[in-house]
Amino acid sequence: MHLPVFLDDPRRLLSSSAAAAASASARTLARLHALLIVSSSASHTLISSLAAAYARAGDLAAAESTLTATAASSSIAAWNAIIAAHSRRGSPASALRVFRALPPAARPDSTTFTLALSACARLGDLRGGESVRDRAFDAGYKDDVFVCSSLLHLYARWGAMGDAVKVFVRMPRRDRVTWSTMVAGFVSAGQPLDAIQMYRRMREDGVKGDEVVMIGVIQACTAARNVRMGASVHGHLLRHGMRMDVVTATSLVDMYAKNGLLDVACRVFGLMVHRNDVSWSAMISGFAQNGQSDEALRLFRNMQASGIQPDSGALVSALLACSNIGFLKLGRSVHGFIVRRFDFNCILGTAAIDMYSKCGSLASAQMLFNMISDRDLILWNAMIACCGAHGRGQDALTLFQEMNETGMRPDHATFASLLSALSHSGLVEEGKLWFGRMVNHFKITPAEKHYVCLVDLLARSGLVEEASDLLTSMKAEPTVAIWVALLSGCLNNKKLELGESIADNILELQPDDVGVLALVSNLYAATKKWDKVRQVRKLMKDSGSKKMPGCSSIEIRGTRHVFVMEDQSHPQREEIVSKVAKLDLEMRKMGYIPRTEFVYHDLEEEVKEQQLSYHSERLAIAFGLLNTGPGTRLVIIKNLRVCGDCHDAIKYISKIADREIVVRDAKRFHHFKDGVCSCRDYW
DNA sequence: CTAGGGTTAG
């Protein structure tokens, strides 16, 4: 801008420069400042608006030094401009520093307190915020909407909803910001129904919502799994011509996606005029979390192709998708991308460790874990879970103790992972010991998952009676999962009488999981209760129709190959089939007996045996054997659980082919080597 | 000169 210079007329200088100062650059302002000093025409008001202008232009040091040591330092408006600028630039700590160092002559007003409280909210400084509140109330701002709303936000943001409500009820006047703060507060406190209730009360109060309120309501619908209401909010937005900005549309995409309406989410996403990194992330995570990992990864590529750099949200979702389908090569390349362009934070680190774990690469997970020095609880938990999943119970325990030594406090999830790790490694004494310490020392009330682990641990090692006693000591009724853990123990330790009564208990709870029903049916078969077997088989047939087809994949030299039982299209199909048949022959010579009880359809025995041979994991293994050199480890990723027959079969194959075979199914890892499986799982 | 907003890890 051109600076008007009227050095001969101080009054004209003053009026024109006040206007000029409003939008000037810091450089221009410095020239103006110099002129004012040279002409000694710097009035109180002019200095204060100059300081404010410096603040707006981003030169906060100049703003402060202009103000200090002049009579204008009592101008609260100028100080507010400085504090606001610190906030805007994302440094709430500096904002608070300026606030705390205000000269006594500058009396803070509503704006000042509002800014200070907002800075405390961003920092999570509840105590600091309360001292600001005391000063604000003393200064007479007890009923100020801005002050109270920002105080409300401080509480709501940090989970103190009780205090937030206290402030809220005694506010004489509430505007839409007040209401939207309450709505968002209840959402982040995990009380979506209260959030929706707040919105209703707002409408009754005659306050109209804007898009910010509606975003809160949409999130509440997402959390409450209320798509109907979510869709009606969507309609409300459209009918009332509210601005469908990126944030609003993104929260709608998330709402539909998280509730399984991926097609609607896609449509909303497709209609967006502007999409940013967060919108893409929401869509990608929607696919990844709904089991459509291939689609998620396709979208991830599209995002990069359309010139949007993935943010950490998109990267985490991409890693999750890679974990789901066991796509190690792509996971590695995402990891590489992160290393080149980001700092490794705990969220990204956890996602990457989990990816390596689920892709069968324990070593890479450990290496990455060792490289992250600033570890949070979830990162530790992920690594402990990783050890457990790979059958390293002792390593999980060592890691757990290391974690305690650093002063990190384990939570319910840590113990779930630890107990599961101990159970699958057969470390019974350690399992009992740590379950007890969890309750008595760490004061964690055992949840269902902990009971499942402990019952599993005991029953697995033949301590079926002890496990059964544990159930009687529980306060709540045992769930299906707990009964199932006990029942597998009964079946494998031939405690058939107890098993039968447990099977009856399970049936009463009307499970529709085929795996659970299969177990129950196998137990009845063991006790020769054939009418019950027939009854359960019928239930299985009914629920079987809802079952998705099993598929297995294997990655060879960076390419994923997917196999399903019915698939005839694979170019190497002939070769694979003859390999399977050859293996089958050798296995039988070594004592393999097909376990046709794992074929749940009514078929001839012979056909059942054939079906077992062509289970997707066996096709994948045959393909792997054909296409890799001797000694190469095979990693198979399966979407469903490996059945008992396949488990047997792979043991033999690992011996015949002299290969290490790792199978990751929907539940865990099975490491096969020399005819044994390291994971103490059974059928 | 001022308050409230979307995605992402075990």
Side-chain angles (χ1 to χ4, degrees), chain A residues 48-49 51-52 55-56 75-85 87-88 108-119 121 141 144-154 156-157 175-185 187-188 209-219 222 245-255 257-258 276-286 288-289 310-320 323 345-355 357 376-386 388-389 411-414 416-417:
Chain A
S48 115
S49 55
R56 261 195 308 274
S75 160
I76 194 61
W79 286 112
N80 287 345
I82 293 174
I83 300 173
S87 286
R88 264 199 310 277
D109 61 4
S110 157
T111 306
T112 326
F113 289 124
T114 302
L115 285 165
L117 283 166
S118 154
Y141 294 106
D144 187 281
V145 207
F146 277 77
V147 169
C148 289
S149 291
S150 45
L151 178 61
L152 203 64
H153 177 232
L154 169 71
R157 172 76 211 281
D175 62 8
R176 64 180 63 172
V177 175
T178 318
W179 287 103
S180 76
T181 306
M182 289 303 283
V183 171
V187 170
S188 59
D210 61 359
E211 42 293 296
V212 181
V213 184
M214 300 321 272
I215 287 163
V217 180
I218 293 166
Q219 290 185 82
T222 311
D245 60 16
V246 208
V247 182
T248 317
T250 301
S251 53
L252 283 172
V253 167
D254 182 53
M255 188 270 295
K258 281 226 177 74
N276 61 17
D277 44 0
V278 183
S279 335
W280 281 93
S281 297
M283 200 61 242
I284 294 170
S285 82
Q289 290 176 347
D311 63 342
S312 67
L315 292 165
V316 166
S317 299
L319 287 170
L320 177 67
S323 313
N345 63 30
C346 279
I347 295 187
L348 284 165
T350 305
I353 284 175
D354 189 54
M355 180 277 295
S357 170
D376 72 357
L377 176 65
I378 300 183
L379 189 74
W380 279 103
N381 288 354
M383 196 60 224
I384 292 172
C386 172
D411 71 349
H412 61 101
T414 319
S417 300

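Keep in mind the model is a prediction, meaning the values are calculated, not measured. Residue numbers start from 1 in every chain, and the chains themselves are labelled A, B, ... in the order their sequence lines are given, proteins ahead of strands.
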Partners meeting salt bridge (Lys or Arg N to Asp or Glu O under 4.0 Å) with Asp411(A) (sequence neighbours left out) = none

Taking OP1 and OP2 of dT8(B), is either one under 4.0 Å from a side-chain nitrogen or oxygen of Lys258(A)?
-> yes

Atom-to-atom span, CG of Leu152(A) to C1' of dG5(B) - whole angstrom | 15 Å

Sugar-phosphate only, base, or nothing, as touched by Thr181(A) at under 4.0 Å among non-hydrogen atoms = sugar-phosphate

Sugar-phosphate only, base, or nothing, as touched by Ser279(A) at under 4.0 Å among non-hydrogen atoms | base

Name the nucleic acid region contacted by Ser417(A), choosing base, sugar-phosphate or nothing; use a 4.0 angstrom heavy-atom cut-off, strictly under.
-> nothing

Scan Val213(A) against the nucleic acid and name what it touches under 4.0 Å (heavy atoms): base, sugar-phosphate only, or nothing.
-> base

Stepwise, does the side chain to side chain donor-acceptor pair (under 3.5 Å) test hold for Thr178(A) with Asp175(A)?
-> CA-CA 5 Å; Thr178(A) 318; Asp175(A) 62 8; 2.8 Å; yes

d(Ser180(A) OG, Asp210(A) CG) to nearest 0.5 Å is 6.5 Å

Identify whether any heavy atom of Arg157(A) sits under 4.0 Å from a base atom; if not, whether one sits that close to sugar-phosphate; answer base, sugar-phosphate or nothing.
-> nothing

Contact class for Asp245(A) (heavy atom, under 4.0 Å): base, sugar-phosphate, or nothing?
-> base

Roughly how many Å is it from CD1 in Ile384(A) to C1' in dA9(B), rounded to a whole number?
-> 15 Å

Is there a donor and acceptor pair, one atom on the side chain of Thr250(A) and one on the base of dG6(B), closer than 3.5 Å?
-> yes

Whole Å only: how far is the CG atom of Asp376(A) from the P atom of dA9(B)?
-> 13 Å

Between Tyr141(A) (OH) and dA3(B) (C1'), how many Å, whole number?
-> 15 Å

Side chain to side chain donor-acceptor pair (under 3.5 Å) between Asp354(A) and Ser357(A), intermediate numbers included = CA-CA 5 Å; Asp354(A) 189 54; Ser357(A) 170; 5.0 Å; no

How long is the gap from CG on Leu348(A) to CG on Leu319(A), to the nearest 0.5 Å?
-> 7.5 Å

Looking at every strand, decide which applies to Val147(A) at a 4.0 Å heavy-atom threshold: base, sugar-phosphate, or nothing.
-> nothing

Describe the nucleic acid contact of Ser312(A) in one word from base, sugar-phosphate, nothing, applying a heavy-atom distance below 4.0 Å.
-> base

Do Ser180(A) side-chain and dG4(B) base share a donor-acceptor contact under 3.5 Å?
-> yes

Provide, to the nearest angstrom, the distance between the CG atom belonging to Leu154(A) and the P atom belonging to dG4(B).
-> 11 Å

May I ask you to say what Ala84(A) touches in the nucleic acid, namely base, sugar-phosphate or nothing, with a heavy-atom cut-off under 4.0 Å?
-> sugar-phosphate

